[in-house]
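Here the structure is laid out as structure tokens; the discussion comes afterwards.
Note that ligands are numbered from 1 as they come in the structure, with each ligand's atoms numbered from 1 the same way.
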Amino acid sequence: MCEERRAKLEEIAEEVRRCTRCPLHERRTKAVPGEGDPCATVMLVGEAPGYHEDLQGRPFVGAAGKLLNEMLGIAGLSRGEVFITNVVKCRPPGNRDPREEEVKACKPFLLAQLEVIRPAIVVCLGRHSTRLFFELAGLKFSSILRVRGGVRKVRILGMNLMLLPTLHPAAALYNPRLRGLLESDFRLLGSLISGGQSGLERWLGR
Ligand code: URA
């Protein structure tokens, strides 16, 4: 089953690498489709590739990625066990926020990845990812600081899953208070996938 999923994810990745649906393709070095376990329970969705990601074609390999790896450790997870991707797969110039039309153009890739992986939990890293998943779930988004750390049971694409919105690791890099909040959200993630497993499976109908 996982090999079949891996092949499907590779097809999606190839489409991303060839994509010209929005102007971000013009300045990219490499597109960043995402990577990880095709059968992951946890999918993490960031905002968009930065400088290092654009050079390497891999998500979260810069300073924010280093912090993300530490956070995964707090949840008892390694990078190989999760799937990591972004709302937008090509780097916006100067790391500006992705534009609405770029998010819209890239959305089918994220939805296709979600349908293949069928994760139990989606961790939304930052406000762009959270806003998009709240919209998909029909939830009202206010601000990331207000909604972070609260688990929401939702249905997206006919799938039961849990959303865990949290801060973007880049926002927490140089701010100890925000780092503390990020840590507490990843501790919660750890408890969801270990202690909370039976409740999780009941909700997911698995
Ligand atoms: N920030 C993101 O949102 N995604 C990455 O892949 C790297 C930094």
Carboxylate-amine/guanidinium contact Arg6 Glu3, below 4.0 Å: yes
Less than 4.0 Å from some atom of ligand 1, heavy atoms are found in residues Gly46, Glu47, Ala48, Glu53, Pro59, Phe60, Asn86, His168
With a 4.5 Å limit on heavy-atom distance, are the side chains of Arg5 and Gln113 in contact? no
Show every ring pair (Phe, Tyr, Trp, His ring centres under 6.0 Å) that has at least one partner inside residues 21-62, sequence neighbours left out. Phe60-His168
Decide yes or no for Arg148 and Ser143: does some side-chain heavy atom of the first lie under 4.5 Å from some side-chain heavy atom of the second? no
Show me the pairs that pass disulfide bond (SG atoms under 2.5 Å apart) and involve residues 41-151, at least two apart or across chains. none
Other members of the hydrophobic cluster containing Met1, with the 4.5 Å side-chain heavy-atom rule, please. none
